[in-house]
Amino acid sequence: MKNKIILTDADGVLVSWINGFHQWMNDQGFMIVDESQYDIHKKFGISKKQGNKLCWDFSHSNYIMTLKPFEDAKTYVPKIANDFGYKFRVITSLSDDEKVTRMRKVNLESLFGPVFEDILCLPHGDNKHNALLQYQNLNYIWVEDKIQNANLGTAMGLYSFLIDRPYNQVNHEYEIFYRRINSWKEIYEHLLLIESE
């Protein structure tokens, strides 16, 4: 891990897509009916088809430029870049639409500054296998909030950190990622140990 590249997801890791989506849904006249649910259609009491369409609509709206950062990420992502010289490569499945890609870049760069070497925007909900394949066995750090993607990175020889979120705390039989963490501060402290060796 002496290289200076960190691969990272965006939504649920750097920025809170879900909080932005909830605000957008309220603006559209939808109210949460079951806070305990993760699935959008169950949470808002709508059909799965309508829930999928609304997720797509939100992900292609101007709201993407206004997503809020996780405070810990806002502090430690620039700190990792400034203190250790790391650059970040984002791999996100928000949308590969050119307008959405521009909005995503504006949002991330305005929140975190010039720390991104690349921001790759895949089609909405796309699998990240092919995007990660080029980094196979390079020992890069890979930061995710989705267990399947963290496991995928580990299977490819990456150091996959899974950031704890309420929706990924379910016990899974096949958790092979490198480490479950609560914050970007833990990644910073991990790098501090490596840099001091």
Side-chain angles (χ1 to χ4, degrees), residues 1 3-27 32 35 38 55 58-95 99-122 124 128 131-132 135 140-147 149-150 153 158-169 177-196:
M1 281 191 289
N3 56 66
K4 298 290 186 176
I5 299 294
I6 293 177
L7 307 174
T8 181
D9 183 25
D11 299 305
V13 175
L14 297 172
V15 293
S16 181
W17 182 94
I18 196 66
N19 287 343
F21 180 72
H22 287 173
Q23 180 60 56
W24 181 82
M25 286 290 279
N26 289 341
D27 292 348
I32 293 173
E35 187 66 58
Y38 172 68
C55 285
F58 171 72
S59 294
H60 290 77
S61 74
N62 290 338
Y63 274 68
I64 294 306
M65 285 193 297
T66 66
L67 293 181
K68 303 294 184 202
F70 289 104
E71 286 306 315
D72 182 65
K74 175 85 169 164
T75 300
Y76 282 97
V77 166
K79 194 167 173 56
I80 287 169
N82 294 331
D83 291 0
F84 306 133
Y86 279 79
K87 286 288 187 180
F88 292 81
R89 294 181 186 172
V90 175
I91 302 173
T92 173
S93 299
L94 181 70
S95 173
K99 179 186 173 188
V100 177
T101 297
R102 282 197 309 270
M103 291 191 295
R104 166 119 290 176
K105 289 179 178 179
V106 166
N107 181 231
L108 292 178
E109 289 171 357
S110 68
L111 294 174
F112 299 100
V115 301
F116 301 107
E117 188 173 82
D118 187 36
I119 299 174
L120 175 63
C121 295
L122 304 174
H124 185 73
K128 295 182 180 177
L132 289 174
Y135 303 110
Y140 286 179
I141 288 174
W142 168 230
V143 187
E144 255 287 352
D145 66 319
K146 188 174 179 181
I147 288 177
N149 288 335
L158 304 173
Y159 288 92
S160 297
F161 288 85
L162 184 84
I163 292 196
D164 242 354
R165 301 293 179 218
Y167 48 83
N168 67 25
Q169 292 175 5
F177 49 81
Y178 176 66
R179 184 180 295 174
R180 183 182 284 269
I181 57 171
N182 294 306
S183 65
W184 277 93
K185 182 182 180 185
E186 290 181 49
I187 298 176
Y188 180 88
E189 290 170 348
H190 183 80
L191 292 173
L192 190 58
L193 290 174
I194 292 170
E195 293 293 322
S196 63

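Any value given below was found using the heavy atoms of this structure, including those in side chains, with hydrogens, waters and symmetry copies removed.
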(message) Keeping Lys185 on the side-chain end and Tyr76 on the backbone end, is there a donor-acceptor pair under 3.5 Å?
(response) no

(request) Show the numbers, then the answer: is there a ring pair (Phe, Tyr, Trp, His ring centres under 6.0 Å) between Tyr159 and His190? (result) CA-CA 11 Å; Tyr159 288 92; His190 183 80; 7.3 Å; no

(request) Give the minimum heavy-atom separation between Glu195 and Lys4, together with the two atoms involved. (result) OE2-NZ, 2.8 Å

(message) How long is the straight-line distance from CZ of Phe116 back to NZ of Lys87, given to the nearest 0.5 Å?
(response) 10.0 Å

(message) Before you tell me yes or no, could you show the steps for Leu192 and Phe84 under side-chain contact (heavy atoms from CB on, under 4.5 Å), namely the whole-Å CA-CA distance, both residues' side-chain angles and the distance that decides it to 0.1 Å?
(response) CA-CA 8 Å; Leu192 190 58; Phe84 306 133; 3.8 Å; yes

(message) Do the side chains of Arg180 and Glu186 get close enough for a salt bridge, i.e. N-O under 4.0 angstrom?
(response) no

(request) Please name all residues satisfying side-chain contact (heavy atoms from CB on, under 4.5 Å) with Arg165, sequence neighbours left out, ordered by chain then number. (result) Phe70, Asp145, Ile163, Tyr167, Asn168

(message) To check you understand the geometry: which heavy-atom pair defines the closest contact between Lys146 and Glu144, and what is its length?
(response) N-OE1, 3.1 Å

(message) Restricting to non-hydrogen atoms, name the atom on Leu122 and the atom on Ala131 that form the minimum distance, rounded to 0.1 Å.
(response) CD1-CB, 4.1 Å

(message) How close do Ala10 and Leu108 get, counting heavy atoms only, and between which atoms?
(response) CB-CD1, 4.5 Å

(request) Starting at CG of Asn62, measure out to CH2 of Trp24 and round the result to the nearest 0.5 Å. (result) 12.0 Å

(request) Would you give the length of the straight line joining atom CG of Asp27 to atom CZ of Phe58, rounded to the nearest 0.5 angstrom? (result) 10.0 Å

(request) Take Leu94 and Cys121, measure what side-chain contact (heavy atoms from CB on, under 4.5 Å) needs, and give me the verdict at the end. (result) CA-CA 6 Å; Leu94 181 70; Cys121 295; 5.9 Å; no

(message) How long is the straight-line distance from OH of Tyr135 back to CG of Leu7, given to the nearest 0.5 Å?
(response) 5.5 Å

(request) Could you tell me whether a side-chain N or O of Trp142 sits under 3.5 Å from a main-chain N or O of Asn149, the two making a donor and an acceptor? (result) yes

(request) Over all heavy atoms of both residues, which pair between Pro69 and Leu111 is shortest? Give the atoms and the distance, please. (result) CD-CD2, 3.8 Å

(request) Applying side-chain contact (heavy atoms from CB on, under 4.5 Å), run through Leu191 and Ile6 and close with a yes or a no. (result) CA-CA 11 Å; Leu191 292 173; Ile6 293 177; 3.9 Å; yes

(message) Please report the interatomic distance CG(Asn107) to CE(Met103), rounded to the nearest 0.5 Å.
(response) 10.0 Å

(message) Closer than 3.5 angstrom, by distance alone: can the side chain of Lys99 be matched with the main-chain N or O of Ser61 as a donor-acceptor pair?
(response) no

(request) First locate atom CG of Asn182, then atom CG of Asp164, and finally report the distance between them rounded to the nearest 0.5 Å. (result) 5.0 Å

(request) Taking all non-hydrogen atoms of both residues into account, name the closest pair between Ser59 and His124 and its distance. (result) OG-CE1, 3.5 Å

(request) Check step by step if side-chain contact (heavy atoms from CB on, under 4.5 Å) holds for Ile119 and Phe88. (result) CA-CA 8 Å; Ile119 299 174; Phe88 292 81; over 6 Å; no

(message) With side chain to side chain donor-acceptor pair (under 3.5 Å) as the rule and sequence neighbours excluded, what pairs involving residues 7-16 come up?
(response) Asp9-Lys128, Asp11-Arg104, Ser16-Asn19

(request) Kindly determine whether Phe21 and Tyr63 satisfy ring pair (Phe, Tyr, Trp, His ring centres under 6.0 Å), including the steps that lead there. (result) CA-CA 8 Å; Phe21 180 72; Tyr63 274 68; 9.9 Å; no

(message) Check whether Lys68 reaches the backbone of Gly20 with its side chain - one donor and one acceptor, N or O, closer than 3.5 Å.
(response) no

(message) So does Val13 get a backbone contact from the side chain of Trp184, meaning a donor-acceptor N/O pair under 3.5 Å?
(response) yes

